[in-house]
Amino acid sequence: MTPEEISNLLRRTFGDAIEEVVLAGAHPYVVVQADRWPEVAQFLRRDRRLKFNLLRCISSLDLLPDDKLAAVYDLCAVPEATDDKPLVCPHEFAVRVVTNRGNPHIPSVADVWETANWHEREAYDLMGIVFDNHPDLRRILCPDDWQGHPLRKDYVFPKEYHGIPGTTEHELPSPRH
Amino acid sequence: MTDTILESKPDLLVDYDRAEQGDLDTEELLINMGPQHPATHGVLRVVLRVDGEMVLEAVPHIGYLHRCAEKIGESLEPYQYIPYTDRLDYVSAMNQNHAFALAIERLCGIEVPGRASLIRVIFLELNRIASHLVTVGAYGLDMGAFTPFLYVFREREMILDLFEATCGARLTYSYITPGGVREDLADGFVDSCREFLDYFEPKIDDYNDLLSFNQIFVKRTGKVGVIPARDAIAYGLTGPCLRASGVRWDVRRAIPYEGYERFDFDIPIGLPGGTGNIPPGVVVGDSWCRYYVRVLEMRQSVRIIRQALDMLADTTPGEIMAKKVKNLKLPAGCEVYLETDNPRGSMGFYVQGDGTTVPSRVKARGPSFSNLCITTHVCRNVLIADIPAIVGSIDMVMGEVDR
Amino acid sequence: MSWIDNRIEDGVIITSLDWAINWARTSSLWPVTFGLACCAIEMMATGASRFDIDRFGAGAFRPTPRQADLMIVAGTVTYKMASRLKRLYNQMPDPKYVMAMGACTVGGGPYFKHGYHVVKGVDLVVPVDVYIPGCPPRPESLLEGLMRLQDKIRHQTRAKDKVALANRDKLAPLTV
């Protein structure tokens, strides 16, 4: 299916839940309302026409000028093998879920795609988006006692961590001086 | 007594003679494996909940090599960021350079000259061979076989010599950049590359004799850590790990890029024991299949390189860079997500431009990151000795897991 | 001919204790298997067929720090890893030596400016004997660094030298 057909199908099925459709450019996507995202995800995963069984990536975005955070879900369908030929991708698509920056909450889809578990933990760790109903929402890359969420545009680099000096970009040329 | 022990652990599938030894009282134990452990390929830490020799649960902890690659991507221009992509998956740096360069090209609509595209394919596949050689050697080490490690590194050094002659580096090349490649091929590259391929192809049989079909190796890895195709897709596995589960999915064929549709090559998948020369005692999707798919892929890479070297004769030397790629402005509001097939799986880059020369967001999807998240699911009711077999067969490079 | 010549049986060697101990230590530096990142691949290459670190007696990579006397910190040290590194170092028996391999361990390397999670040099965590620059250093550099470390060990003394005692843990670092 083309991105246009997919977005039309989603519009027909979910109506208002699809806030925006962006088809221009190399990365067509739809913007889905945060609180209806789990049912849209279930539909994308289970529907016979779509069958997006592979969640490739969750990219978290900091939309600082709009005071928003967003998560972009890149999906792709891996068809079932019928013969020895290599599989060809029938369609790929992306979904963006936007949330506000002060109190960012997006429902988790870890029960729809198991791989979302770690990707959501990463987005929580680095961007600070809280995924509701996530089975195990902990920091994944940074240590548990890390302060702040590094990928936010207004993140301030730590001056020290457990007694080890950190980056002092604007003050001294090197932590040894 | 016997009953109470079994009742308290209903998910214990294998109770080795425990039923008879009713007086053997066991206790659950937490064991920490890593981050410094020879069989975790870098700084992976796995916490195991064990009952005797049985692993009830294995929880991987990552982040010990978190090097802030995404933050750096938002702070530097694409050209400056290329060296950092080297260091994501340092075993296959060419493929990483290429994944990012391709995303930038797609974002800015840059057309790569034909010769540059062929040179890219040659180096990508050479790097795939070099990467799989490290995997084969290191996996042999994990399983207690030291000799194959010395053999594969001998061949790998030859590939590195080819790289070094052209781009001057052994490990971190920064060779493939947005718009093409940095340098034209070194003098005599085509001949020495052909010479290497002729030398290398029979060596694959040596590895098979030494390691792949070695009885002990097959017993250590066969039927261990079986991942069914459906689980593999749900957990986002890609690359050899997914193909070993019997899914013929390869981004080079599924969503072709860099002109891969021009080349004739097969996509090897995991096959059940007994078919062809596959030893009995192997099932689709086990650790042995994940290992052997890589061995088979090396042969396919050799095929691709040979074809690309033939095509190279029709191109003009020196045409290696697209025009107008200096001071590249990334269009505002444009974004792209692109995947390429790396030795470890699909490497994806999500890049968003904001009208300046610096992207406003760079997200790297490391294939090993997704591949590794199946660990807890697979490492259940296995022996402790199987953990290196399973984790090693997933073959992660922590640089791109932690980024 | 001095008084001692021709007085000792064949097969007996005379040497100083310092020389003998230093000789033993220089020729059997056992490194702990401690690969962190990219440099670890070059460290593996150094241990493999072409470069063969065994020629210098340092090829017995030990999986446990308790059997090792050299720690080659090969790769980027992050804040999350720093405490583990310190712990591994403390587990090594004396005498112990540390080699900082690669730009990241020397001073943060390419991650100095934007690397919020990267320790800007491993010498902020453990004392370092030899620094090997490069990103990553070639195997030849690692071997050169090893030889410089052996030079350093050759000049150590067991005498009650107050200056040496005071400087034992902060000997002037050598750069290759």
Side-chain angles (χ1 to χ4, degrees), chain A residues 22 24-27 29 45 53-65 70 72 74 76-81 83-90 92 94 96 112-119 121-123 125-127 136 138-144 146 150-153 155 157 167, chain B residues 59-66 68 70-71 74 103 106-107 109 229-231 233-238 242 246-256 266-267 269 331 333-339 346 348-352 360-365 369-370 372-374 376-377 401-403:
Chain A
V22 181
H27 190 247
Y29 64 90
R45 172 84 172 78
N53 46 4
L54 180 62
L55 174 66
R56 300 146 106 192
C57 183
I58 299 179
S59 324
S60 51
L61 301 180
D62 186 359
L63 311 169
L64 186 61
V72 181
D74 271 283
C76 165
V78 178
E80 287 187 9
D83 49 13
D84 281 352
K85 290 211 181 82
L87 302 175
V88 176
C89 177
E92 39 181 340
R96 183 186 277 206
V112 185
W113 296 281
E114 276 80 355
T115 185
N117 188 325
W118 275 28
H119 284 275
R121 276 178 68 188
E122 190 197 324
D125 184 359
L126 300 182
M127 197 61 93
D136 179 24
R138 284 179 291 129
R139 284 189 182 268
I140 186 164
L141 297 179
C142 297
D144 288 337
W146 194 258
L151 281 185
R152 294 219 182 167
K153 297 283 182 197
Y155 176 69
F157 285 18
T167 310
Chain B
V59 181
H61 290 248
I62 62 173
Y64 292 95
L65 193 56
H66 176 45
C68 332
E70 292 171 10
K71 190 80 179 172
E74 319 176 344
R106 190 70 61 87
L107 192 66
R230 205 169 284 253
D231 292 11
I233 295 173
Y235 277 92
L237 265 62
T238 46
L242 177 60
V247 184
R248 225 178 269 271
W249 174 263
D250 186 326
V251 185
R252 288 177 293 177
R253 281 273 190 253
I255 314 164
D266 300 328
I267 297 169
I269 56 168
C334 274
E335 56 186 49
V336 71
Y337 178 79
L338 202 95
E339 277 190 355
S346 302
F349 269 105
Y350 175 91
V351 184
Q352 196 187 38
S360 65
R361 176 82 167 99
V362 173
K363 157 87 191 178
R365 178 235 196 247
F369 180 81
S370 294
L372 198 61
C373 69
I374 202 166
T376 311
H377 180 65
V401 175
D402 298 341
R403 281 154 290 154

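Because the structure is predicted, anything quoted here is derived from the model rather than measured. Note on naming: letters A, B, ... go to the chains in the order of the sequence lines (proteins, then strands), and numbering restarts at 1 for each one.
Taking B:Pro60, B:Gly109, B:Ser346 one by one and counting their heavy-atom pairs under 4.5 Å with chain A, the maximum is reached by B:Pro60. For the options A:Leu126, A:Leu61, A:Val22, A:Asp125, heavy-atom pairs under 4.5 Å to chain B are most numerous at A:Leu61. When B:Leu338, B:Ile233, B:Val336 are compared by the number of non-hydrogen pairs under 4.5 Å with chain A, B:Ile233 comes out ahead. Among B:Ser370, B:Cys334, B:Ala364, the residue with the largest count of heavy-atom pairs under 4.5 Å with chain A is B:Ser370.
Residues A:Cys57 and B:Lys363 approach most closely at SG-CE, 3.6 Å, considering heavy atoms. Between A:Pro150 and B:Lys71, the closest heavy-atom pair is O-NZ, 2.9 Å. Of all the heavy atoms in A:Cys89 and B:Trp249, the pair that sits closest is CB-CH2, 3.6 Å.
Contacts of A:Ile58 with chain B are made by backbone atoms alone, with heavy-atom separations under 4.5 Å and no side-chain atom involved. Only the side chain of A:Val72 comes within contact range of chain B, with at least one heavy atom under 4.5 Å from a heavy atom of that chain. For B:Cys373, the parts lying under 4.5 angstrom from a heavy atom of chain A are both the backbone and the side chain. The contact between A:Ala77 and chain B is made entirely by backbone atoms, counting heavy-atom distances below 4.5 Å. For A:Arg121, no part lies under 4.5 angstrom from a heavy atom of chain B. Interface remark: A:Asn117 contributes no atoms to any contact with chain B (heavy atom separation under 4.5 Å). Proximity to chain A involves both the backbone and the side chain of B:Ile62, based on heavy atoms less than 4.5 angstrom apart. Contacts of B:Leu372 with chain A are made by both backbone and side-chain atoms, with heavy-atom separations under 4.5 Å. With a 4.5 angstrom heavy-atom cutoff, B:Tyr350 touches chain A only via side-chain atoms.
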Report task. Take A:Val88 and B:Arg253, measure what side chain to side chain contact (heavy atoms under 4.5 Å, CB included) needs, and give me the verdict at the end. Result -> CA-CA 6 Å; A:Val88 176; B:Arg253 281 273 190 253; over 6 Å; no
Report task. Mind running salt bridge (Lys or Arg N to Asp or Glu O under 4.0 Å) on A:Glu122 and B:Arg365 for me, showing each step along the way? Result -> CA-CA 11 Å; A:Glu122 190 197 324; B:Arg365 178 235 196 247; over 6 Å; no
Query raised in the report: Should B:Arg106 and A:His27 be marked as a side chain to side chain contact (heavy atoms under 4.5 Å, CB included) after you check the CA-CA gap, both sets of side-chain angles, and the distance that decides it?
Result: CA-CA 10 Å; B:Arg106 190 70 61 87; A:His27 190 247; over 6 Å; no
**Report entry** Chi angles and distances behind the side chain to side chain contact (heavy atoms under 4.5 Å, CB included) call for A:Arg96, B:Glu335
**Finding:** CA-CA 12 Å; A:Arg96 183 186 277 206; B:Glu335 56 186 49; 2.6 Å; yes
Report task. Begin from the C-alpha positions of A:Glu114 and B:His377 and carry the test side chain to side chain contact (heavy atoms under 4.5 Å, CB included) through to its verdict. Result -> CA-CA 10 Å; A:Glu114 276 80 355; B:His377 180 65; over 6 Å; no
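Here the CD1-CG distance, from B:Ile267 to A:Leu87, works out to 7.5 Å after rounding to the nearest 0.5 Å. Between B:Gln352 atom CD and A:Ser59 atom OG the span is 9.5 Å, to the nearest 0.5 Å. In this structure, the separation between SG on B:Cys68 and CG on A:Leu141 is 10.0 Å, given to the nearest 0.5 Å. In this structure, B:His61 NE2 and A:Arg139 CZ are separated by 15.5 Å, a value rounded to the nearest 0.5 Å. Atom CD1 of B:Ile374 is separated from atom CH2 of A:Trp118 by 11.0 Å, given to the nearest 0.5 angstrom. With rounding to the nearest 0.5 Å, the separation of OG1 in A:Thr115 from CZ in B:Phe369 is 7.5 Å.
Taking A:Tyr155 as the reference, A:Phe157, C:Tyr116 meet the ring-ring contact (aromatic ring centres under 6.0 Å, His included) condition, with sequence neighbours excluded.
Atom CZ of B:Arg248 has more than 12 heavy atoms from other residues, nucleotides or ligands within 6.0 Å.
At least one side-chain heavy atom of A:Arg56 sits under 4.5 Å from a side-chain heavy atom of B:Tyr337. A heavy-atom distance below 4.5 Å is found between the side chains of B:Arg361 and A:Ser60.
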